[in-house]
Engineer: 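One structure is given below, represented as structure tokens, and several questions about it will come after.
Positions are given from 1, in the same order as the sequence printed here. The shown structure was predicted, so the numbers you read here are calculated from the model rather than taken from an experiment.
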Amino acid sequence: MANFLNNFAQIMYVFDLLPAQVLAATGNGTGVSIVPSATNWLSARLHVAAVTGLTTYDVKLQASSAIGGTYTDIPGAVFPTVTAANNNKMIDFQMPPIVLPTDLPFLFVRAVSTLVGTSVNVHCEVFGTIKSSGTVGYVGQPLPIN
């Protein structure tokens with residue numbers, strides 16, 4: 001009999017926005033495709049471990065229709081400001097809708113970090129539901145969940 005964690009692993013997909021690393025400067029993460037997800041409603045987790053000379057650390061998420069394209073802020077996809085080590089923050093957000101029917105859907109997400117201090121040991125990931133057999137998935141503009 002499967003336990004909850006086994007079931008969770010079978011239905012969730014994890015996208016690493018900021019692999020576990022020490023950051024010493026403000027910057028943009030690399031975009032990751034959320035195509036394996038069956039929804040446009042996602043959750044994100046930010047874990048900050050050790051810090052050195054930290055005043056503040058802010059992270060927001062942005063979306064684009066192409067990995068090297070223009071990224072725009074995702075409404076509501078902003079983590080609370082971190083001011084100390086050993087912090088875990090979670091947010092829920094929805095990918096932005098397309099403006100015109102001819103626009104490409106937003107299929108890539110990246111993290112944008114703003115560091116005031118010397119360094120921060122950080123990991124940021126996004127969670128989405130895995131496409132399953134018979135699921136249309138996130139191919140075009142998905143229907144809003146809310």
Engineer: Check whether T56 reaches the backbone of T83 with its side chain - one donor and one acceptor, N or O, closer than 3.5 Å.
Structural biologist: no

Engineer: For residues V14 and M90: do they belong to one hydrophobic cluster (side chain heavy atoms under 4.5 Å, members Ile, Leu, Val, Met, Phe, Trp, Tyr)?
Structural biologist: yes

Engineer: For the OH atom of Y71 and the NZ atom of K60, what is their distance to the nearest 0.5 Å?
Structural biologist: 13.5 Å

Engineer: Locate the shortest heavy-atom distance separating P80 from I91; write the atom from each residue and the value.
Structural biologist: CD-CG2, 4.5 Å

Engineer: Ignoring hydrogens, what is the shortest heavy-atom contact between G29 and L18? Give both atom names and the distance.
Structural biologist: CA-CD2, 4.2 Å

Engineer: Atom CD in Q62, atom OG1 in T70: separation rounded to 0.5 Å?
Structural biologist: 10.5 Å

Engineer: Which heavy-atom pair separates S43 from D92 by the least distance, and what is that distance?
Structural biologist: OG-OD1, 2.5 Å

Engineer: Quick check: closest heavy atoms across A66 and S64, and the distance to 0.1 Å?
Structural biologist: O-OG, 2.7 Å

Engineer: Heavy-atom distance under 4.5 Å between the side chains of V32 and D16, does that happen here?
Structural biologist: no

Engineer: Taking atom OG of S113 and atom CG of L17, what is their separation to the nearest 0.5 Å?
Structural biologist: 9.5 Å

Engineer: Out of the candidates V82, T52, L23, V59, only one should pair with V120 under the side chain to side chain contact (heavy atoms under 4.5 Å, CB included) rule; please name it.
Structural biologist: L23

Engineer: Which pair of non-hydrogen atoms, one from C124 and one from F79, has the smallest distance, and what is that distance?
Structural biologist: SG-CE1, 4.0 Å

Engineer: Are any of the side-chain heavy atoms of L115 and L54 separated by less than 4.5 Å?
Structural biologist: yes

Engineer: Would a hydrophobic clustering, with Ile, Leu, Val, Met, Phe, Trp and Tyr connected at side-chain separations under 4.5 Å, put W41 with V78?
Structural biologist: no

Engineer: Kindly compute the distance separating CD (Q21) from OG (S119), expressed to the nearest 0.5 Å.
Structural biologist: 11.5 Å

Engineer: Would a 4.5 Å heavy-atom cut-off, applied to side chains only, mark Y57 and V51 as touching?
Structural biologist: no

Engineer: Any side-chain heavy atom of F93 sitting closer than 4.5 Å to one from L61?
Structural biologist: yes

Engineer: Determine the minimum heavy-atom distance between A63 and M95, stating which atoms define it.
Structural biologist: CB-CE, 3.7 Å

Engineer: Rounded to the nearest 0.5 Å, how far does CD1 of I34 lie from CG of L107?
Structural biologist: 6.5 Å

Engineer: Quick check against the 3.5 Å criterion: does T81 have a side-chain atom that pairs as donor or acceptor with the backbone of D58?
Structural biologist: no

Engineer: Could you measure the distance from the CG atom of N87 to the NE2 atom of H47? Nearest 0.5 Å is fine.
Structural biologist: 9.0 Å

